[in-house]
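Written out below as structure tokens is the structure these notes cover.
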Amino acid sequence: MANKVNDLRSALELLKGIDGQLIETDVEVDPMAELSGVYRHIGAGGTVSRPTKEGPAMVFNNVKGHPGARVAIGLLASRRRVGYLLDCDPKRLGFMLNDSVANPIAP
């Protein structure tokens, strides 16, 4: 899969197109513990059973007390998802990181 992820918007668009990788909600959520609790329950597959399961990343479009703000959470929560974003086999991510450290790009 050849993808071009170069910012948060393109990352979200890519994940929208992959079944089970992104959920968006317009339900109002309180940013004080409720938001992370909802993500932990849905995105991490539950709050008690271990190990946690791979769930979708989430975008909350209605954050209580912050009109117009959106919160994205869990984008890098699994090696498979990071592989999608970097267009890389998840088993090769460590090698990719090693190559990036050996070949820095000037700011």
*Do any pairs count as a side chain to side chain donor-acceptor pair (under 3.5 Å) and have a residue in residues 26-37, sequence neighbours left out, and if so which ones?*
Asp26-Asn61
*side chain to side chain donor-acceptor pair (under 3.5 Å) partners for Thr25, two or more places apart*: none
*State yes or no: do Leu86 and Leu97 share one hydrophobic cluster built from I, L, V, M, F, W and Y residues joined by side-chain heavy-atom distances below 4.5 Å, directly or via other members?*
no
*Do Val5 and Leu8 belong to the same hydrophobic cluster, where Ile, Leu, Val, Met, Phe, Trp and Tyr are linked whenever their side-chain heavy atoms lie under 4.5 Å apart, directly or via other members?*
yes
*asked:* Quick check for you: to the nearest 0.5 Å, what is the distance between Arg79 atom CZ and Lys91 atom NZ?
replied: 10.5 Å
*Name all pairs fulfilling the side chain to side chain donor-acceptor pair (under 3.5 Å) condition that reach into residues 95-107, sequence neighbours left out, sorted by first residue then second.*
none
_I'd like to know if the side chain of Arg92 reaches the main chain of Gly83, judged simply by a donor and an acceptor atom lying under 3.5 Å from each other, with no hydrogens or angles considered._
no
*Which pair of heavy atoms, one from Ser78 and one from Arg81, lies closest together, and at what distance?*
OG-N, 3.0 Å
*asked:* With clusters defined by side-chain heavy atoms of hydrophobic residues (ILVMFWY) lying less than 4.5 Å apart, directly or transitively, does Phe95 cluster with Leu85?
replied: no
*asked:* Tell me every residue that passes side chain to side chain contact (heavy atoms under 4.5 Å, CB included) with Ile73, counting only those two or more places apart in sequence or in another chain.
replied: Leu35, Tyr39, Met58, Phe60
*Output all residues satisfying salt bridge (Lys or Arg N to Asp or Glu O under 4.0 Å) with Arg70, sequence neighbours left out; order by chain, then residue number.*
Glu24
*If every non-hydrogen atom of Pro56 is compared with every non-hydrogen atom of Gly20, which pair is closest and at what distance?*
CB-O, 3.5 Å
*Using the test side chain to side chain donor-acceptor pair (under 3.5 Å), find all partners of Arg80 that sit at least two apart in sequence or belong to another chain.*
Glu54
_Asp7, CG atom: more than 12 neighbouring heavy atoms under 6.0 Å_ = yes
*For Leu22, what residues pass the side chain to side chain contact (heavy atoms under 4.5 Å, CB included) criterion, not counting sequence neighbours?*
Leu12, Leu15, Lys16, Ala57, Val59
*Would you mind reporting whether Pro90 and Val82 have side-chain heavy atoms less than 4.5 Å apart?*
no
*From Lys4 atom NZ to Leu14 atom CG, the distance as rounded to the nearest 0.5 Å*: 13.0 Å
